[in-house]
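Atoms within each ligand, like the ligands themselves, are counted from 1 in listed order.
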Amino acid sequence: MLSLSGTGIGRGIAIGRAIVLDQGHNDIPCYRISATALSGEIERFNHAVDAVRADLKRVQRNLPTDAPPETSAFIDVHLLMLDDPVISQQPVQTIQEQQQNAEWALKSHADTLIDFFEDIADPYLRSKKNDVAQVVGRIMGELAHSPGKQPSDLATLGSSLAEQIIVARDLTPADTIMLRGRNMAAFVTSLGGPISHTAILARSLGLPAIVGLHDVIDTIHNNDLLIVDAATGTVLVAPDEPLLAQFRELQQQHLRHQQRLTLLKSEKAVTQDGEAITLLANIELPEDIEGLRSAGAAGVGLYRTEFLFMNRPKPPSEDEQYQAYCHVLRRVEGPVTIRTLDLGADKQVDGGRPDRETTATSALGLRAIRLCLSEPSLFKPQLRAILRAAVHGDAQIMIPMLSSLRELEQSLALVGEVCAELEREAVAFNPKVPLGGMIEVPAAAVSADLFARKLDFLSIGTNDLIQYTLAIDRVDDSVNYLYDPLHPSVLRLIRTVIRAGHEADIPVSMCGEMAGDPAFTRLLLGLGLRHFSMEPSQLLEIRQQVRQSTLAGLSGQVTDILNCVETGSLYDLVDQLNQTDSD
Ligand code: PEP
Ligand code: MG
């Protein structure tokens, strides 16, 4: 038996067989082909291309009925790429003229094509390099006589994965969203950190997951029996019977705990001393509202709309977005906070796999509101769709990653422009939609009072706030260990934002992962937070924490924590805070 450890996401235990996704063909063989073997090498290459084409068509014909609707168009894009002369013809010439082996010939042409897409300014076209890489990966797999599953196959795996554990080097948010509805038991990845979007999605799917396992791909093979223990971040490979029995029992205990929590669903989120706390849900896709209902959320505190834009060849039209927002607004009682597009960094469109070399800095690049302001053709249809949909429910607009007042002014001006357009066109819309901002950049947090004067609400995005304050890339597993929500700078910034909201008399919520972690509920209550938004899978646990807390006295204890100069004592103080008052 082998034991591997990484960063656990969630608390559950999964037992199942591994499906290893084939994502890397880094060791491309390079050798010379003798003149007499050239025709055989060309045949080998053509055969691989034909096999991939046949495989893609087979997959397309047999798509499960519950596969995401865009999957077929996605496969069409790959079929078109496969027929591109750069992929299917030029390597043949290179094999012939330079007597290179098929893999190397393919690689050299594919690299040129990837570089070409890489240089395109338009993010949609630029992301096509990911499709090229996936198609090339398939041909390489055929050439190696080992066609592996690619991430884009996830949608085609059917919905009978209850006993299966996905093993991958990395899963982009776009890959992970395709896992929705597949019912797999868990997933484990080599890369990723606790607040990477992949981890967030694992929480939203309510799945145990382990990220940051480093060499997991090399040590786990298809069909290996695995135990995934998210609470300890451990993967056990090929466990023996006694160990399996022990973990099955733990799994049952966890299920019993979850069942007990469901009894809280319709209980009020009120502290022991009678203060009502608002518990909202974070959603990624319209389908997620089912989870929100069963957890008894008071509304949606964060709708990550960028997921509507992933795994498809073109962005959704204004009307398609309108339908998606209406779907949520009509079904959710309470406010629905629709966050405008937060694409960029690790969240790429079209199944985008960020280029590892640039990921480390792209979190500081053109993402979220920066991208939207630079591409009004992307932003304005979304604003129009939200304002139109807001006729049918309690919608709020939330702008992500604000760092300067200028960005806020530009956003407000665009909203005004869109309202005027809709008015002129006599299209029904709601001109009074509250407009809030995410405070997730330290610059915005320290000047939150200024933002608060121009906005209807603030929401603290601790995932990015921690990333930017502590200078740790949230998707870089090598600096995961520095992720610390209790860092004094983070706590002080949170306090600053909450105070700014109170002084401006506008609500402040928190929608980062910290809001859904029961270890921080009392601390946040003590800091004055009254609105929490989290993945639905966390909601019942937080409700329990709220119901066991007494506000009186919390702020004094929190002041001690904020003034603590010893890291060890700080953790002790937080433990003490969490131990008091339980019923
Ligand atoms: C955050 O940054 O805390 C947040 C909620 O947004 P996201 O995780 O989507 O960046
Ligand atoms: Mg964020």
K.L.:
side-chain hydrogen bond (donor to acceptor under 3.5 Å, both in side chains) for Y322 and H392? Distances and angles first, verdict last.
P.N.:
CA-CA 11 Å; Y322 167 75; H392 306 288; 3.0 Å; yes

K.L.:
Can you name the residues that form a salt bridge (charged side-chain N to carboxylate O under 4.0 Å, His left out) with R293, not counting sequence neighbours?
P.N.:
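Partners of R293 under the salt bridge (charged side-chain N to carboxylate O under 4.0 Å, His left out) test: E290.
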
K.L.:
Under 6.0 Å from the ring centre and within 45 degrees of the ring axis: does the NZ or CZ of R388 meet both conditions for the six-membered ring of F429?
P.N.:
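So R388 doesn't make the cation-pi contact.
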
K.L.:
Of the choices R474, R339, M514, which has the non-hydrogen atom that lies closest to atom 6 (O) of ligand 1?
P.N.:
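Looking at heavy atoms only, the winner is R339.
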
K.L.:
Using a strict 4.0 Å cut-off to heavy atoms of L302, name the atoms of ligand 1 that fall inside it.
P.N.:
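Numbered from 1, ligand 1 contributes 5 (C).
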
K.L.:
In ligand 1, which numbered atoms sit nearer than 4.0 Å to a non-hydrogen atom of D464?
P.N.:
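Heavy-atom distances to D464 below 4.0 Å select 1 (C), 2 (O), 3 (O), 10 (O).
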
K.L.:
Below 4.0 Å, non-hydrogen atoms only: which portion of M534 touches ligand 1? Side chain, backbone, both or neither.
P.N.:
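No part of M534 comes within reach of ligand 1.
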
K.L.:
Is M438 in contact with ligand 1, taking contact as a heavy-atom separation below 4.0 Å?
P.N.:
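It does, in that a heavy atom of M438 comes within the 4.0 Å cut-off of ligand 1.
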
K.L.:
Counting heavy atoms only, which of M401, E284, E306, R304 comes nearest to atom 9 (O) of ligand 1?
P.N.:
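When every heavy atom of M401, E284, E306, R304 is considered, R304 comes closest to atom 9 (O) of ligand 1.
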
K.L.:
Provide the number and element of each atom of ligand 1 under 4.0 Å from a heavy atom of C511.
P.N.:
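Close to C511: 5 (C).
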
K.L.:
Go through the side-chain N and O atoms of H531 and S509 and say whether any donor and acceptor fall under 3.5 Å apart.
P.N.:
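No pair is found: no donor N or O on one side chain lies under 3.5 Å from an acceptor on the other.
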
K.L.:
Check the pair Q382 / T305 against side-chain hydrogen bond (donor to acceptor under 3.5 Å, both in side chains), numbers first and verdict last.
P.N.:
CA-CA 9 Å; Q382 178 170 47; T305 57; 2.9 Å; yes

K.L.:
If we count only N and O atoms by modelled type, under 3.5 Å, do the side chains of S549 and Q545 hold a donor and an acceptor together?
P.N.:
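No, no side-chain donor-acceptor contact under 3.5 Å.
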
K.L.:
With heavy atoms only and a cut-off of under 4.0 Å, state how R367 meets ligand 1: side chain, backbone, both or neither.
P.N.:
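Within the 4.0 Å criterion, R367 contacts ligand 1 through side-chain atoms alone.
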
K.L.:
Tell me, please: is E513 in heavy-atom contact with ligand 1, that is, under 4.0 Å?
P.N.:
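False for this residue.
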
K.L.:
Could you give all pairs that pass the side-chain hydrogen bond (donor to acceptor under 3.5 Å, both in side chains) test and reach residues 434-456, with sequence neighbours left out?
P.N.:
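Pairs touching residues 434-456 that pass the test: E409-K454.
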
K.L.:
Would you say M510 contacts ligand 1, with heavy atoms under 4.0 Å as the rule?
P.N.:
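M510: no contact with ligand 1 (<4.0 Å).
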
K.L.:
For N/O/S atoms only: which one belongs to E440 and is nearest the Mg ion (ligand 2)?
P.N.:
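In E440, the N, O or S atom with the shortest distance to the Mg ion (ligand 2) is OE1.
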
K.L.:
Which of the listed options, V441, L465, D342, N463, holds the heavy atom that is closest to atom 3 (O) of ligand 1?
P.N.:
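Checking each option, the heavy atom nearest atom 3 (O) of ligand 1 is found in N463.
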
K.L.:
Against ligand 1, does M398 come closer than 4.0 Å with any heavy atom?
P.N.:
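Contact check M398 vs ligand 1: negative.
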
K.L.:
Test side-chain hydrogen bond (donor to acceptor under 3.5 Å, both in side chains) on T234 and D229 and set out the steps.
P.N.:
CA-CA 5 Å; T234 315; D229 181 359; 5.2 Å; no

K.L.:
Taking atom types as modelled and ignoring hydrogens, do the side chains of Q321 and Y325 form a donor-acceptor contact shorter than 3.5 angstrom?
P.N.:
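Yes, because at least one side-chain N or O of Q321 sits under 3.5 Å from a partner of the opposite role on Y325.
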
K.L.:
Suppose we only allow N, O or S atoms; which atom of D464 ends up nearest to the Mg ion (ligand 2)?
P.N.:
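The Mg ion (ligand 2) is closest to the D464 atom OD2, counting only N, O or S.
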
